[in-house]
J.: 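Pasting a structure below so you can have a look.
These figures come from a predicted structure and were not determined experimentally. Letters A, B, ... are given to chains in the order of the sequence lines, protein chains preceding strands, and every chain is numbered from 1.
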Amino acid sequence: MTQLKITNSYTREKEIFEPLHAPHVGMYVCGPTVSGETHLGHARPYVTFDVLYRYLKYLGYKVRYVRNITDAGHFEEEGREAVDKVATKAKLEMLEPMELVTKYTNIYHDMMELLNNQRPSIEPTATGHIVEQIEMIKDLIAKGFAYEKNGSVYFDVLKYAKGNDYGKLSGRILDDMIAGSRELENQGEKNNAADFALWKKAAPEHIMQWQSPWGMGFPGWHIECSAMATKYLGTTFDIHGGGMDLLFPHHESEIAQSSISNGKPPVKYWMHNNMITVNGKKMGKSYGNTITLNEMFTGTHELLEQGYSPITVRFFILQTHYRSTLDFTNDSLKAAEKGLQRLLNAHNALRDMTYKADGTIDSNEDSAVNKLCLDCHDQMNDDLGTAQVLATLFDLSSRVNSWKNGQQKMNASEETFNILKKTFHDFIDVILGLKDERTSGDEGSMDAVMQLVISLRKQAREKKDFTTSDIIRDELLKAGIQLKDGKDGTSWEKS
RNA sequence: GGUCAGAUGGCCGAGUGGCUAGGCUCAGCUCUGCAAAAGCUGCUACAGCGGUUCGAAUCCGCUUCUGACCUCCA
């Protein structure tokens, strides 16, 4: 069996995962800013890191998964007048900031649940950790790496860069950045354009502001993650995840702040998922192609021909490696929808199947099935190769289906059969989190009713009364239930 | 403009120095009262041009094209 390897964005290498304090693993993932509705772009990182979280637990680690909620307003654009994003939106909607934040947080939680993402161990909010952030800023000032100007506090990037490699994570050269940002206006307050804000003085009209040693204001964007990660995971922890767009400046700045404040680099493994596109184009507000998750699931967006279920979206995401860009199109989503059904059908069939040796055991077939099961683990260990795992499961699905339909004899050993069963369960249910959305709630009574209908139809068919049997079948299909005639009788499922 | 990624069959997408990825679509077949479902078979690709190599789609260089980041962003 191979060991888990993950691509570390910091070293740009695939590295063997070795926790700092096994069996414990500390994992921090940047959460959403809850000033808007949860959209397609959010689905990618949270599904990706949910699978990592599930897999680490599956491997036996005790994981503390921290994912924050950014509910404090932040300046929109550095160099221009500070704008409190949350407050601005709140004024438009005539809501209290807290009301707005709660509304979008609730939507976010609902969407995460639909996507079958497990809840993090700790979900800290920025506004709930103002004190910690102020303390860290005070510490940075005391250590001489931050300075106060007119009620705002900035991090001294140039000083930091003398002893540290600022830009290593994002592959940037400080001198270039300084040269490139000279044209920006209103850099006046900063000693240098590359410096970033730790604390911003709030204008009187800002709704969200707090008392600090530097007057009324609000925290800079980067400091919250440093403060909260340190508080809950310690000065150095195992994994920090997020979207690639956060590499710079967010994570670069996090490294700088935490390294000075804690005296050592904060993270052992940096992991970044790639971005999504819609019909080949970046999704963004300025492109007018932002699709919220609610629109995705219900199909209420002009770019969508239909709704796609949360698990279809999840499956679609997992069919692509997390470090590649992922393009959402109607055609590819429809393909994913069908593929998912096929996989889950095989999974259900296998779950309900009992071992029966009907024929001689083919040792070649037996070892082939065994190898494919082992492959799943190796593929998952190779930097979360979920796309490959799914391909392998599809391979195995053909066998399962042919056994079920009697198209091929079950020529594997009972031991292999049990391994196969466990592999499907472990990967589909436990690790990838692909639940069957068609089986809901009142399955028991529903099935009893369906068995009755099926038996009536069978009687009709035996009497060659195909008119009746076809009415039953076709009307059920209209009602969203599909009958499947097989060797061992008829089964049904919601379509 | 700077930096960094990609360019794979009808579509989506893995992956790899030599051996069929997989999914969807399409065609044929098997099964079936008919269909659906399922299985089987077929369609076999790696942008272009050089180079390294016994051998490259996989390594190197150049060209073309696309995308991302550099600003709030997942």
J.: Round to the nearest Å and state the distance from A:K478 atom NZ to B:rA36 atom C1'.
T.: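 That distance rounds to 15 Å.
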J.: Do A:Y160 and A:F155 have ring centres separated by under 6.0 Å?
T.: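 Between A:Y160 and A:F155, the centre distance is under 6.0 Å.
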J.: Please list, chain by chain and in numerical order, all residues satisfying side-chain hydrogen bond (donor to acceptor under 3.5 Å, both in side chains) with A:Q388, sequence neighbours excluded.
T.: none
J.: Work out how far the C1' atom of B:rA21 is from that of B:rA57, and round it to whole angstrom.
T.: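 It comes out at 14 Å once rounded to the nearest Å.
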J.: Need one value for A:T320: base, sugar-phosphate or nothing, where a base atom within 4.0 Å counts as base even if backbone is also close, heavy atoms only.
T.: sugar-phosphate
J.: At under 4.0 Å, does any side-chain N or O of A:K281 touch on OP1 or OP2 of B:rA68?
T.: no
J.: For atom C1', what is the distance between B:rC72 and B:rA56, given to the nearest Å?
T.: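 44 Å, rounded to whole Å.
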J.: I'd like a table of atom pairs between the protein and nucleotides 5-9 of chain B - only N or O on both sides, under 3.5 Å - with the distance next to each one.
T.:
none

J.: Find the distance A:F316:CZ to B:rC11:P and express it as a whole number of Å.
T.: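 Atom CZ in A:F316 sits about 15 Å away from atom P in B:rC11.
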J.: For nucleotides B:rA47 and B:rG9, find the distance between their P atoms and express it as a whole number of Å.
T.: 8 Å
J.: For a quick check, tell me whether the side chain of A:Q482 and the base of B:rA36 share a donor-acceptor pair closer than 3.5 Å.
T.: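 Such a pair does not exist between side chain and base.
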J.: If a pair satisfies side-chain hydrogen bond (donor to acceptor under 3.5 Å, both in side chains) and one of its residues is in residues 36-45 of chain A, list it, with sequence neighbours excluded.
T.: none
J.: The criterion is side-chain hydrogen bond (donor to acceptor under 3.5 Å, both in side chains); which residues satisfy it with A:K458, sequence neighbours excluded?
T.: none
J.: Applying the side chain to side chain contact (heavy atoms under 4.5 Å, CB included) criterion to A:E493, which one of A:D436, A:N345, A:I481, A:N348 satisfies it?
T.: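 When A:D436, A:N345, A:I481, A:N348 are each tested with A:E493, the side chain to side chain contact (heavy atoms under 4.5 Å, CB included) holds only for A:N345.
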J.: B:rG39, B:rA38, B:rA68: which one has an atom nearest the side-chain heavy atoms of A:N345?
T.: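 The listed nucleotide nearest to A:N345's side chain is B:rA38.
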J.: Answer with base, sugar-phosphate or nothing: what part of the nucleic acid does A:K404 contact at a heavy-atom distance below 4.0 Å?
T.: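 The answer is nothing, as A:K404 stays clear of every strand by at least 4.0 Å.
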J.: Mind checking which stems touch RNA chain B? I mean at least 3 consecutive Watson-Crick or G-U pairs, both distances under 3.5 Å.
T.: B:1-7 with B:64-70, B:10-12 with B:22-24, B:26-30 with B:38-42, B:47-51 with B:59-63
J.: Considering just the side-chain nitrogens and oxygens of A:T33, establish if one lies under 4.0 Å of OP1 or OP2 belonging to B:rA74.
T.: yes
J.: Could you tell me which residues satisfy side chain to side chain contact (heavy atoms under 4.5 Å, CB included) with A:T329, sequence neighbours excluded, listed by chain and number?
T.: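 Testing A:T329 for side chain to side chain contact (heavy atoms under 4.5 Å, CB included), a comparison that skips the adjacent residues, returns A:N279, A:D327, A:D331, A:S332.
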J.: Does the B:rA35 base have a donor-acceptor partner in the side chain of A:D485 within less than 3.5 Å?
T.: yes
J.: Expressed in angstrom and rounded to an integer, what is the separation of A:K282 atom NZ from B:rU66 atom P?
T.: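 It is 18 Å, rounded to the nearest whole Å.
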J.: Would you kindly compare A:K464 and A:L326 by the position of their nearest RNA chain B nucleotide and give the one closer to the 5′ end?
T.: A:L326
J.: List the protein contact pattern of nucleotides 15-28 of chain B with one symbol per nucleotide (5' to 3'): B for base contact, S for sugar-phosphate-only contact, - for none; contact means a heavy-atom distance under 4.0 Å.
T.: S-----BSSSS---
J.: Restricting to salt bridge (Lys or Arg N to Asp or Glu O under 4.0 Å), what partner residues turn up for A:D485, sequence neighbours left out?
T.: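 A:D485 satisfies salt bridge (Lys or Arg N to Asp or Glu O under 4.0 Å) with A:R457, A:R461 only.
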J.: Does the ring of A:Y28 carry A:R67 above it, NZ/CZ under 6.0 angstrom from centre and within 45° of its axis?
T.: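 Judged by the rule (NZ or CZ under 6.0 Å from the ring centre, within 45° of its axis), A:R67 is not positioned above A:Y28.
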J.: Which value, in whole Å, describes the distance between the C1' atoms of nucleotides B:rA38 and B:rU53?
T.: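 Result for the C1' pair: 46 Å, nearest Å.
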J.: Figure out the CG/P separation between A:L52 and B:rA74, and round it to whole Å.
T.: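 Going from CG in A:L52 over to P in B:rA74 covers 20 Å.
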J.: Which whole number of Å gives the distance between the P atom of B:rC4 and that of B:rC60?
T.: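 Comparing P positions in B:rC4 and B:rC60 gives a spacing of 15 Å.
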J.: Once ring-ring contact (aromatic ring centres under 6.0 Å, His included) is applied, do any residues pair with A:H301, and if so which ones, sequence neighbours excluded?
T.: none
J.: Atom CG of A:D465 and atom C1' of B:rG33: how far apart are they, to the nearest Å?
T.: 12 Å
J.: Who passes salt bridge (Lys or Arg N to Asp or Glu O under 4.0 Å) against A:K464, sequence neighbours left out?
T.: none
J.: Atom NZ of residue position A:K371 - does it have more than 12 heavy atoms of other residues, nucleotides or ligands inside 6.0 Å?
T.: no
J.: If you measure from the C1' atom in B:rC31 to the same atom in B:rC40, how many Å do you get, rounded?
T.: 11 Å
J.: Output yes when at least one side-chain N/O atom of A:N401 is less than 4.0 Å from OP1 or OP2 of B:rG39, else no.
T.: yes
J.: What is the distance, rounded to the nearest whole Å, between atom CH2 of A:W492 and atom C1' of B:rA38?
T.: 19 Å
J.: Rounded to whole angstrom, note down the P distance from B:rC59 over to B:rG17.
T.: 8 Å
J.: When the distance from CG of A:L247 to P of B:rC72 is rounded to whole Å, what number comes out?
T.: 15 Å
J.: Base, sugar-phosphate or nothing for A:I276? Non-hydrogen atoms, less than 4.0 Å.
T.: base
J.: With sequence neighbours excluded, what pairs up with A:E337 under the salt bridge (Lys or Arg N to Asp or Glu O under 4.0 Å) test?
T.: none
J.: Sequence neighbours left out, what passes salt bridge (Lys or Arg N to Asp or Glu O under 4.0 Å) with A:K14? Give chain and number order.
T.: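 With neighbours one apart ignored, the set is A:D382.
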J.: Can you find a pair of side-chain heavy atoms, one from A:M111 and one from A:F297, that are under 4.5 Å apart?
T.: yes
J.: Find which nucleotide of RNA chain B each of A:H39 and A:F466 is nearest to by heavy atoms, and output the residue with the more 5' nucleotide.
T.: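 Its nearest nucleotide lies further toward 5', so the answer is A:F466.
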J.: Compare the minimum distances between each of B:rG13, B:rA38, B:rA36 and the side chain of A:D327, then state the nucleotide with the smallest one.
T.: B:rG13
J.: Using atom CG of A:L396 as one end and atom P of B:rG39 as the other, report the distance to the nearest whole Å.
T.: 13 Å
